[in-house]
Amino acid sequence: MSNVVVAVRVRPMNDREKALGAKSIIEMQGKSTAIKNPADPASGLKSFAFDQSYWSFDDSNRDNFADQSKVFQDLGVSILDNAFQGFNCSIFAYGQTGAGKSYSMIGYGEDKGLIPRVSEEMFNRINKITSENSDVTFNVEVSFFEIYNELVFDLLNPGGNNAKKAALKVRNHPKLGPYVDGLAKVTVTSFGEIEELMDEGSKARTVASTNMNATSSRSHGAGGAGWCEQSER
């Protein structure tokens, strides 16, 4: 697997775009994404190659449609494979407000995104390892913070919303690199506990209405999970 994987995903039209009579200018074929200029149709398509191109605009072509499970199988599984080999791994979504970042990463309701699917599979693997090796134990810790107006706020701070308003410092460890000083790391023993923490943390995020998204997250959210595997041998 490559050290860096880049994927692009196209979402369905939202209500505002439908009301405006917007038309799609994106086409996808395999791992290629093409865009056409509506002001100059004669110029043809401009194509770009990615590691993955996910067509989630509509499911009229089921063979080409990428649902949440497809995205997880392509991106989430490989993240876990590398993490269980001891590598630091990360995945992030980039795009303007209303692009579908929160849906891809967290999801809505039962239509889970990457983070809950990765978390659930992480515990599935941990439970499998510990059931097959009674002398092996795992200690799992999670964190969740937001960056708003270039300030870092802890979303899992047990002190509550008042404590959340105190910005944390980003420092650099000589061996481990950058870290958030004072960031809460909560020990969890199941996927259900992670779900509860994600829900509480998401409720604490800074949101505001924009023309593109009525409940836009006005901050950058970042979550982390780490574990220590121990053996009594």
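This one's a predicted model, so the numbers in the text were calculated from it and none came from an experiment. Computation of the quantities below employed the complete heavy-atom set of this structure, encompassing side-chain atoms and omitting hydrogens, waters and symmetry-equivalent molecules.
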Quick check: does any side chain N or O of N14 sit under 3.5 Å from a backbone N or O of R16, one acting as donor and the other as acceptor? yes

Does the plane of the ring in H173 sit parallel, tilted or perpendicular to the ring in Y179? Use 30° and 60° as the thresholds. perpendicular

Return yes when atom CD of E132 has more than 12 non-hydrogen atoms of other residues, nucleotides or ligands closer than 6.0 Å, and no otherwise. yes

Which atoms form the tightest heavy-atom contact between W227 and A83, and what is the distance? CH2-CB, 3.6 Å

Backbone N/O of G100 and side chain of R9: donor-acceptor pair under 3.5 Å: no

Look only at the side chain of S32 and the backbone of Q29, and say whether a donor-acceptor pair between them is shorter than 3.5 Å. no

Can you find a pair of side-chain heavy atoms, one from D74 and one from Y54, that are under 4.5 Å apart? yes

Full working for side chain to side chain donor-acceptor pair (under 3.5 Å) between T189 and E193: CA-CA 7 Å; T189 58; E193 292 180 5; 2.9 Å; yes

With a sphere of 6.0 Å drawn around CG of D111, does it hold more than 12 non-hydrogen atoms of other residues, nucleotides or ligands? yes

Flag, side chain of Q68 to backbone of Y103, donor-acceptor distance under 3.5 Å: yes

Looking at S56 and A66, would you say the former's side chain and the latter's main chain have a donor-acceptor pair under 3.5 Å? yes

Do S60 and D58 have a side chain donor and acceptor closer than 3.5 Å? yes

Establish whether V5 and I115 are linked, either directly or via other cluster members, by ILVMFWY side-chain heavy-atom contacts under 4.5 Å. yes

Between the main-chain N or O of E196 and the side-chain N or O of E200, is there a donor-acceptor pair closer than 3.5 Å? no

Check whether any side-chain heavy atom of M198 sits under 4.5 Å from a side-chain heavy atom of I106, and report yes or no. yes

Across all chains, not counting sequence neighbours, the side-chain contact (heavy atoms from CB on, under 4.5 Å) partners of K112 are P116, R117, E120, F191, E195

What I'd like to find out is whether the side chain of F153 reaches to under 4.5 Å of the side chain of F145, using heavy atoms alone. no

May I ask you to decide if F123's main-chain N or O and N127's side chain share a donor-acceptor pair within less than 3.5 Å? yes

Within a radius of less than 6.0 Å around CG of D181, do more than 12 heavy atoms belonging to other residues, nucleotides or ligands occur? yes

Non-hydrogen atoms of S102 and Y108 that approach each other most closely: CB-OH, 4.2 Å

Checking the side chain of S53 only, and the main-chain atoms of K31 only, is there a donor and an acceptor separated by less than 3.5 Å? yes

Does the K101 side chain pair with the main chain of G95, one donor and one acceptor, at a distance under 3.5 Å? yes

Could you see if V4 belongs to whatever hydrophobic cluster contains F87? Use Ile, Leu, Val, Met, Phe, Trp, Tyr and a side-chain cutoff under 4.5 Å. no

Taken to the nearest 0.5 Å, the spacing of I91 CD1 from L75 CG works out to 5.0 Å

